[in-house]
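Structure first, then comments.
Labels below follow one simple rule: chain letters A, B, ... track the order of the sequence lines, proteins then strands, and each chain is numbered from 1.
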There are 2 protein chains.
Amino acid sequence: MKDTQDISRLLRERGARVTPARLRVLALLRSAERGLSHHDIEKALDDGTPVDRVTLYRVLDWLVEQGLAHKVADEQRVFRFSAASTGGEPHQAHAHFVCDDCGKVFCLEDTPRAAPRLPAGFASTQVEFEVHGHCAACNVPVEARR
Amino acid sequence: MKDTQDISRLLRERGARVTPARLRVLALLRSAERGLSHHDIEKALDDGTPVDRVTLYRVLDWLVEQGLAHKVADEQRVFRFSAASTGGEPHQAHAHFVCDDCGKVFCLEDTPRAAPRLPAGFASTQVEFEVHGHCAACNVPVEARR
DNA sequence: TTGTATTTGCAATTGGGTTGCAATAGCAAC
DNA sequence: GTTGCTATTGCAACCCAATTGCAAATACAA
C-alpha cells in the first residue's frame, strides 16, 4: 500500500531505521480510529509474524518520543496509543473521548482552547481535555451496562 | 479535632461502620490540597499505627463507591485519590493540574465549561480538564530536572 | 560485501493493584 | 456489661502491564 511509502519516509526523515515493527505499528495506529492498548496492537499484529511484547513497547515509546504517536493512561490504568495528526510535532491541546464502558479512547477533532488560570509558580506545557461517557457502540439502549 | 465528628457522621449516614482506617484516610484526603497516591497515603499514615496496604486499597475504593472520594489514573498510571467536595455526590466537571515532574495532581478551582461536539451516538457523562506542566515546587529555575 | 551502531528477542524483574480466607472488631440486641 | 452476628481487617499469595539487562540479529552507510 501507498501508506507504507509514506511511513517509511516519515521514519527516515528522523534519521531512524525503517524496521518492519515500526512500519507495521505506525500503519496500524494510523488506520485505527481510536486509541489502542498494547494488547490490542499485539493481537492485531499477530497474523503471520508476531511482534515481541518488549519490542512493541519500545517501538511505541519511540513513536511517542518522535511525536508520531501519543500515549494516555485509560481508566483501567492501561496505556492507549494513537497516531499523532500527520505532521509529527507532538500534538498540542487535544481532546479525547473516553468510553467508560469499553475503555476505548477516541480523538475529538473539535478542540477547545484556553487554559484556566493557574496558581502562582505553576507553568503549563499542555492542556488535555477529556470527555467521559458512552461511545456509539456502547450507547445502545440496553440495561446490560456494567 | 472537630472534623472527626464530621466524618464519623458522614460514614454513619451511609449505614457503614466507623473504623479508624476510614476516619484517618478520609480526614487525610480532606486535608490534602491535591490528589494522593496509595503510596502517599500509606506514608502519611505511617505514624503510630500503620494501615495495611490492602485495607488501604479497600478503604479507598469504598470511599469512591460512596461518592466521598474520587480516583484518577495519573500519567504514570498510578491512581490518585482526593476527597469529594463535601456533599458526597461524585463531583462533576473538575479541572486538574498534573505536574509532569513530580506527578502530583492539584485541583484547580477555576473550572471551565462546555464539552466539545461529539460524534453521533456518543453520550458524555463527565468532562475532565487536565492541564500539564510544572508545579510551583518543581518549577524552580534549575537544570536538575529528571 | 563488510563493519557497526541500532534494534530485536528472550528471560527475569518491578510495582501497583487484587483476591482468598481466617482473625478481629463494630455495633445492635440483650 | 455481655453476647452474637456481620462488616472489616490483615496476611500471604497472586495478577499483569510495563521495564530492564544483555546477547543475537539486522538496517544501512561505506
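Of the residues near DNA chain D, B:G15 and B:V54, the one whose nearest nucleotide (by heavy atom distance) lies more toward the 5' end is B:G15. Of the two residues near DNA chain C, B:T19 and B:F79, the one whose nearest nucleotide lies more 5' is B:F79. Where B:R22 and A:R17 meet DNA chain D, the nucleotide closest to each residue was compared, and B:R22 sits on the side nearer the 5' end.
Applying the side chain to side chain contact (heavy atoms under 4.5 Å, CB included) criterion to A:R58, with sequence neighbours excluded, gives A:V54. Applying the side chain to side chain contact (heavy atoms under 4.5 Å, CB included) test to B:T55 and every residue at least two apart in sequence or in another chain returns B:A21, B:V51, B:D52, B:V59. Legend: residues meeting side chain to side chain contact (heavy atoms under 4.5 Å, CB included) with A:P119, ordered by chain and number and at least two apart, are A:F122, B:L108. Under the rule for a side chain to side chain donor-acceptor pair (under 3.5 Å), the partners of B:S37 that lie at least two apart in sequence or sit in another chain are B:D40. Scored by the ring-ring contact (aromatic ring centres under 6.0 Å, His included) test, A:Y57 finds A:H38 as partners (sequence neighbours excluded). Every residue two or more places apart in sequence or in another chain was checked for a side chain to side chain donor-acceptor pair (under 3.5 Å) with B:K43, and none qualifies.
With axes fitted over five pairs at each extremity, the angle between the ends of the helix from C:dT1-D:dA30 to C:dC30-D:dG1 is 30° (10° resolution).
B:R77 places no side-chain N or O within donor-acceptor distance of the main-chain N or O of B:A73, the cut-off being under 3.5 Å.
Close approach of DNA chain D to chain B, defined as any atom under 4.0 Å from a non-hydrogen atom of the protein, starts and stops at D:dT6 to D:dA18. For DNA chain C, the outermost nucleotides in 5' to 3' order that have an atom under 4.0 Å from a heavy atom of chain A are C:dA5 to C:dG17.
Among the heavy atoms of the strands lying under 4.0 Å from A:H38 are primed sugar atoms or P, OP1, OP2 only; no base atom is included. Residue-level contact check: A:R58 touches the bases, meaning some heavy atom is under 4.0 Å from a base atom. Residue contacts for B:V51: at a heavy-atom cut-off of 4.0 Å it reaches no nucleic acid atom on any strand shown.
Sequence neighbours left out, not one pair with a member in residues 7-31 of chain A passes ring pair (Phe, Tyr, Trp, His ring centres under 6.0 Å). For residues 15-28 of chain A, the pairs satisfying salt bridge (charged side-chain N to carboxylate O under 4.0 Å, His left out) are A:R24-A:D47, with sequence neighbours left out. Residue pairs meeting the ring pair (Phe, Tyr, Trp, His ring centres under 6.0 Å) criterion with at least one partner in residues 7-37 of chain A, sequence neighbours excluded, are absent.
No path of Ile, Leu, Val, Met, Phe, Trp and Tyr side chains, each step under 4.5 Å between heavy atoms, connects B:L63 with B:V78, placing them in separate hydrophobic clusters.
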